[in-house]
Structure formats: C-alpha cells, structure tokens
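One structure below.
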Amino acid sequence: MKNEKKRRKIKRHNARKHTVKKQKVGALGEVLYNCPYLIAVVVTSLAVMVCSDKIGIRAIAKDAETIVRQTMGNSVSVDEIPIDVASEPVSENGNVLENTGENNLEEMENAGERKEENDDIEGEDELENDGDALESAENTEETVVGVTKYEIYEPQEIDSYYYSDAGKVALTTEYPYTKENDSYFNDAVFLGDSRTLGISDYAGLDEADFYCDSGMMLFKLLAPEGVTYQKTGNKEDLTQVLQQKQYGKVYIMLGMNELGYGNTEMYLEQYRKVVDQIREWQPDAIIYIMANLHVSRAKNNPETEFNNININDKNAASASLANGIDIFYLDANPLFTDEEGYLNADWTFDGVHLYAQHYDVWREFLLEHAVEPKE
C-alpha cells in the first residue's frame, strides 16, 4: 500500500515537471512565432555594428587610428614613411592626397620649354665660366714666381760684433730667365762700389748708366753728397736722378765696404730701405741684387772682418729681399771661385778685383739671366 502511494506521488511530480517545461518551450516558441520583427531587428543591428564605417567596430578602429596619427604624426620623419606612401602627395595631417594628374600633365607639357630655357642659361654661364677659367689660367701661366734657395752647411762659431756664420750660401734665384743681347741694358742702371766700376770700365755695357765709386756703401748711396755718374765723371744726387728718369732694370752690388761697418742686421735693414725707396721711385723696374764676390785665399783673413764667411753672411741677408717677381738675386761667384770658394788667384791682381779680360764672363752671366720688365 505504501509503495503504491510513493509511486503515484513520483509519477505526479514528474508529470508536473514535464508540464512546466512544455509550457516554457511553448511560450518561447509562441513568442518567436508571434514576433519575427523583433528577431529581424536584433540580427540587423548586429550586422550593422560589424560592418558599418561610421558607428560600428570599424568606426571605433578608425577613430583609434586617427588619434594615434594625431598624437605621433609630428614625431615621424620622412625617412620612416614606407617608400610606396612617401612617393604619394601627403597633406599636413599625414593623409595621402589624391593625385589628379593635372600638375604632372602641366609639368610634362612645359618640361621641354623649361629645359630649353635652362639649357640656354646654363650654356651661357658655362661659356662665361670657361672664359674666366681660361683667363685665370693664362694669368697664372704669365705670373711665374722665382725661388731663391740656399746651400746649407755646418756653421762655425764666430766671436764678432760685425757678423756671424750664416750656415748657408745664397744661390741665384731660380727663374726661367731669357738670354738677351746688349740692347737689354739700354734702360739699365748699375749702382755700386769699385767692382761695379770695373763692370763699367771693362764689360762693354756702354748704353747702361753707372753710378758707382770706390768705397761706396749702402749708407752713402742716397746721401746728398751723391755718386759719380761714369759717363760724365760728375757727382749726381741719386735721389734726384731716380725720380727724374725711369729705368727698366736696376742692378745693385754693395756690401764689401760694410764688412767692418755695423753688423749684418744693420746691413740688411739699410739694404731694405734702399730697395724700398728705389721701388717707390722706379715702380716698373726689375731690381737685381748682385752678390758680392768672394776674396782670394791670400786676402781672406779670419782674424778680421774681411773674409768670405762675413761676405756670405751679407749675401745671405741681401738675398732674402728677392721676391722672385720683380726683385731677383744673382750670384756670379761660381764663375770666379775655386773648389774651396775662394776667388781664383789667377783671375785677380789684388785678391779682390778681377783682371779686365774676365769682365766679359760677368757680362755674359748678366745677359743669360734677364727678366723682362712688366708692361
């Protein structure tokens, strides 16, 4: 009896549970059946959210991309932009602009015209530049600068107020000299002491002017007492002569009588003053600074100031004034000295001055070292 009641109770419970479930399913089915519009609205909304560029997921992504560009756009360099993007027109905000082709078409249509105009201008400029370069090159070729070199040796210790051992021998200024004839000296003037007087007497340069005296010095050359003009034998004030007559060449050889007068520094200072003053009066002349000849072994006296080391010291000082343009240093010593640098004893009658017949050698040396004055 009890078991029968229990089975009936379970059966009734399951029946009620099945009934409730059936009722719920039936209600949902009824709703879905009776409300198809609601289902369509839900499905459509989901589709719009996925696909729409304005309000959907894409819009959200696009807005996020815009924010990133605005935030980082100014910090991105052109080099960091991909090549395919950088090759397209880009606006200030970083967006790629549409290329209509109108600007490119206009450029293509005017390209030939612009190219021709540019070619004409560039051609004229190139011709002008080529002309300037050619003129500059010609001027460079015309302006040759000579170089005065020195032969270096181990100097001796000299205990003298008047000079020291320069440790070098000045050589003739290196320059493409021309070989001239006697007419080269038609507008030349020679200034000097007794050795210049020997050139005047024996070298046969009759057309040149010679202002020289035995015992002449740089310190007396431009003094009011004057210098003997060899064509007349009269004393002339060189400060007047050199301002009144223009020469093409000026030859200066002085220094033997300064060997025991002052020191080499004083000698160089005075020589520079004389050359500067002559240059002011003779602006177009070529100035030749002629080396003092050495003395013979017999005349060379290391115990006094009258020796070849002192002569070398003075010559090296005067050679420093040569600029290789309009002032040149000429050293004729190699023509007249022996292997030890002394004046050849067979060529001198007193160890200082040459025999008359040897001045022709000096004359040829001067003719072979000619520089044309500038026009």
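Counting begins at 1 with the first residue of the sequence. Remember, predicted model here, so these are calculated numbers, not experimental data.
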(message) Please determine whether a side-chain nitrogen of the Lys or Arg among Lys245 and Asp209 lies less than 4.0 Å from a carboxylate oxygen of the Asp or Glu.
(response) yes
(request) Kindly say whether Pro155 contributes a backbone atom to a donor-acceptor pair with the side chain of Asp165 at under 3.5 angstrom? (result) no
(message) Quick one: does any side-chain atom of Asn333 pair with a main-chain N or O of Asn292 as donor and acceptor, under 3.5 Å?
(response) yes
(request) Evaluate side chain to side chain contact (heavy atoms under 4.5 Å, CB included) for Glu372 paired with Glu180, printing each intermediate quantity in order. (result) CA-CA 10 Å; Glu372 289 297 330; Glu180 297 291 342; 2.8 Å; yes
(message) Give me each pair satisfying side-chain hydrogen bond (donor to acceptor under 3.5 Å, both in side chains) with a member in residues 354-366, each pair once, sequence neighbours excluded.
(response) Asp182-Arg363
(message) Run the side chain to side chain contact (heavy atoms under 4.5 Å, CB included) test on Lys273 and Leu218 for me, step by step, so that the C-alpha distance in whole Å, both residues' side-chain angles and the decisive distance to 0.1 Å come before the verdict.
(response) CA-CA 9 Å; Lys273 289 180 180 179; Leu218 283 167; over 6 Å; no
(message) Checking the side chain of Thr348 only, and the main-chain atoms of Ala345 only, is there a donor and an acceptor separated by less than 3.5 Å?
(response) no
(message) When you measure from the side chain of Glu269 to the backbone of Met266, do you find a donor-acceptor pair of N or O atoms at a distance under 3.5 Å?
(response) no
I'd like a table of donor-acceptor pairs (distance under 3.5 Å, sequence neighbours excluded) in which one partner is a side-chain atom from residues 194-207, with atom names and distances.
unit_1	atom_1	unit_2	atom_2	d
Ser194	OG	His353	NE2	2.7
Arg195	NE	Val352	O	3.1
Arg195	NH1	Leu293	O	2.6
Arg195	NH2	Leu293	O	3.2
Arg195	NH2	His294	O	3.4
Arg195	NH2	Val352	O	2.8

(request) Anything under 30° is parallel, anything over 60° is perpendicular, the rest tilted; go ahead and classify Phe185 against Phe190. (result) tilted
(request) Decide side chain to side chain contact (heavy atoms under 4.5 Å, CB included) for Ile252 and Tyr271; before the verdict, give the C-alpha distance in whole Å, the side-chain angles of both, and the deciding distance to 0.1 Å. (result) CA-CA 10 Å; Ile252 308 172; Tyr271 216 135; 3.4 Å; yes
(message) Treating Asn310 as the side-chain partner and Tyr163 as the backbone partner, does any N or O pair qualify as donor plus acceptor under 3.5 Å?
(response) no
(request) Give the intermediate values and the outcome of salt bridge (charged side-chain N to carboxylate O under 4.0 Å, His left out) for residues Glu174 and Lys149. (result) CA-CA 8 Å; Glu174 294 183 359; Lys149 296 182 179 180; 3.4 Å; yes
(message) Do the side chains of Arg297 and Glu340 get close enough for a salt bridge, i.e. N-O under 4.0 angstrom?
(response) yes
(message) Using modelled atom types and a 3.5 Å cut-off, is there a donor and acceptor pairing between side-chain atoms of Asn312 and backbone atoms of Lys168?
(response) no
(request) State whether the side chain of Asp213 and the backbone N or O of Val227 hold a donor-acceptor pair below 3.5 Å, judged by distance alone. (result) no
(message) Using a 3.5 Å distance criterion without hydrogens, assess whether the side chain of Gln282 forms a donor-acceptor pair with backbone atoms of Tyr247.
(response) yes
(message) Looking at Tyr184 and Val371, would you say the former's side chain and the latter's main chain have a donor-acceptor pair under 3.5 Å?
(response) yes
(request) Would you sort out whether Leu191 and Ile278 count as a side chain to side chain contact (heavy atoms under 4.5 Å, CB included), showing the intermediate values? (result) CA-CA 11 Å; Leu191 313 176; Ile278 293 175; 3.9 Å; yes
(message) I'd like to know if the side chain of Glu258 and the backbone of Met217 have a donor-acceptor N/O pair within less than 3.5 Å.
(response) no
